[in-house]
Amino acid sequence: LFGDKLIIFSVFGNILEVNLSTYEIKNRGNFTPQNGSSIISNSYIYNDLRSYLFNSGTLIFLDRFNNEMNSPYYLEDLNILSSMSIFEELVDAPFSFENYLYFIEKKGSLSVFNPITSDILWEININSSIRDYVFSDKGYLSLLTSKKIIILDKKGNLILDFFHEVEDPISFFIYDNEISIFDKKGL
């Protein structure tokens with residue numbers, strides 16, 4: 001939901017915009033759904049685009065002003081330039097910080113990439129599946145795996161990592177220097 005516009009992505013690859021004031025429906029483009037698990041994705045702004053992850057394998061970019069489908073080849077460019085394994089199943093849509101997009105792959109690869117200059121600021125493989133992440137306004141990236149929490153600074157340097165004892169963690173949050181981890185039983 002963006003203002004009075006509701007964007008709907010169909011399982012057939014249609015992007016529909018519903019004007020909630022006039023109930024008019026417009027087709028804003030089509031995409032080819034890739035394999036991937038269905039997820040709840042955030043939407044992030046990068047330049048004149050809005051990123052969205054339809055499922056973990058299907059990245060969509062829309063024009064942020066008219067919601068038309070846009071086909072920047074950011075993920076394809078990253079996969080060509082990266083020294084990491086192929087980024088094919090993302091944890092969330094790429095988000096930006098200081099003109100770089102953060103790509104977080106479920107299998108543990110991370111890349112901070114500027115698609116305009118083709119510059120990779122840093123890449124790392126934590127060699128563990130990433131369950132969730134938290135990103136701070138100062139550029140700290142905290143990652144939740146099945147056994148650890150890892151905190152990296154904006155240059156990709158390891159700040160802290162420690163083991164947790166939560167079996168099958170789902171998500172986590174950090175508040176006032178305290179970390180809370182959720183599993184299927186709760187907090």
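Around CZ of Phe65, the count of heavy atoms belonging to other residues, nucleotides or ligands within 6.0 Å exceeds 12. By the 6.0 Å contact criterion, CG on Asn99 is open, its count of non-hydrogen atoms from other residues, nucleotides or ligands being 12 or less. Remark: Asn157 CG is packed, more than 12 non-hydrogen atoms of other residues, nucleotides or ligands lying under 6.0 Å away. Other residues, nucleotides and ligands place more than 12 heavy atoms under 6.0 Å from the CZ atom of Phe162.
Checked against the 6.0 Å centroid threshold, Phe173 and Phe182 count as a close aromatic pair. The aromatic ring centroids of Tyr100 and Phe113 lie 6.0 Å or more from each other.
Across Asn14 and Phe31, no two heavy atoms sit closer than the pair O-CE2, 3.9 Å.
In this structure, Glu165 does not pair ionically with Lys147, as no charged nitrogen and carboxylate oxygen lie closer than 4.0 Å. Ion pair Asp153/Lys138 not flagged as a salt bridge, since none of the NZ, NE, NH1 or NH2 atoms sits closer than 4.0 Å to an Asp/Glu carboxylate oxygen. Ionic pairing of Glu17 and Lys5 is not present here: no N-O contact between side-chain nitrogen and carboxylate oxygen is shorter than 4.0 angstrom. With respect to Lys107 and Glu89, no salt bridge is recorded, no charged nitrogen being found less than 4.0 Å from a carboxylate O.
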Next item on the list: For ring pair (Phe, Tyr, Trp, His ring centres under 6.0 Å), just list the numbers for Phe135 and Phe95, CA-CA rounded to whole Å, side-chain angles, deciding distance to a tenth of an Å, and then say yes or no.
Entry: CA-CA 10 Å; Phe135 191 75; Phe95 58 91; 4.8 Å; yes
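Side-chain contact between Ile181 and Ile149 is present, with heavy atoms from C-beta onward closer than 4.5 Å.
Figure legend: Arg131 and Phe172 shown without cation-pi pairing, the cationic atom not lying both under 6.0 angstrom from the six-membered ring centre and within 45 degrees of its axis.
One side chain, Ser111 or Glu123, offers a donor N or O that lies under 3.5 Å from an acceptor on the other. In summary, the side chains of Asn79 and Ser82 do not present any donor paired with an acceptor at a separation below 3.5 Å, with no hydrogens or angles considered.
Under the 4.5 Å side-chain heavy-atom criterion for Ile, Leu, Val, Met, Phe, Trp and Tyr, Leu49 and Tyr73 are members of distinct hydrophobic clusters. Tracing side-chain contacts under 4.5 Å through hydrophobic residues (I, L, V, M, F, W, Y), one never reaches Ile86 starting from Leu81; they form parts of separate clusters.
Put simply, the side chain of Ser142 never gets that close to the backbone of Tyr133: no donor and acceptor are under 3.5 Å apart.
Remark: Leu78 CG to Asn114 CG distance equals 11.5 Å, nearest 0.5 Å.
The aromatic rings of Phe9 and Tyr52 sit parallel, their planes meeting at an angle under 30°, below the 60° perpendicular limit.
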